[in-house]
Amino acid sequence: TCSLFREENEDQVSAFLSRHPDYKILPLAEAWEGDRGSMPGTGDFMRLTPRTHETDGFFAAIFQKQ
């Protein structure tokens, strides 16, 4: 998303996962390929902010079907 609001990001991830138990979150570190440079952030999700990354605000979650 182009949002940094929890209710538009993590809360939506939680809602999706509660409705789709056959999916899980693929942590960012597991999906990030080292040849693309340093990983933008830590934790399960990608969160870019103007202050830290000099970009607009962005959030991304990767879902993996089990």
Q. Minimum heavy-atom separation for Pro50 to Gly57, with atom names?
A. CD-N, 4.1 Å
Q | Backbone of Ala15 reached by a side-chain donor or acceptor of Ser18 within 3.5 Å | A | yes
Q | Any side-chain heavy-atom pair of Ser3 and Asn9 under 4.5 Å | A | yes
Q. Does the side chain of Phe63 reach to within under 4.5 Å of the side chain of Leu17, using non-hydrogen atoms?
A. yes
Q) What is the ring orientation for Phe45 with Phe59, classed by angle as parallel under 30°, tilted 30 to 60°, or perpendicular over 60°? A) tilted
(Q) On a heavy-atom basis, which atom in Thr55 and which in Phe58 lie closest, and how many Å separate them? (A) OG1-CD1, 4.2 Å
(Q) Minimum heavy-atom separation for Glu7 and Gln12, please, with both atom names. (A) O-NE2, 3.2 Å
Q: Check whether more than 12 heavy atoms from other residues, nucleotides or ligands sit under 6.0 Å from atom CZ of Phe16, and answer yes or no.
A: yes
Q) Shortest non-hydrogen contact from Gln64 to Leu26? A) OE1-CD1, 3.8 Å
Q | Close side-chain approach of Ile62 and Ile25, heavy atoms under 4.5 Å | A | no
Q: Report yes if the side chains of Asp22 and Lys65 come closer than 4.5 Å at any heavy-atom pair, otherwise no.
A: yes
Q) Just wondering, do Arg47 and Leu4 contact through their side chains at under 4.5 Å, heavy atoms? A) yes
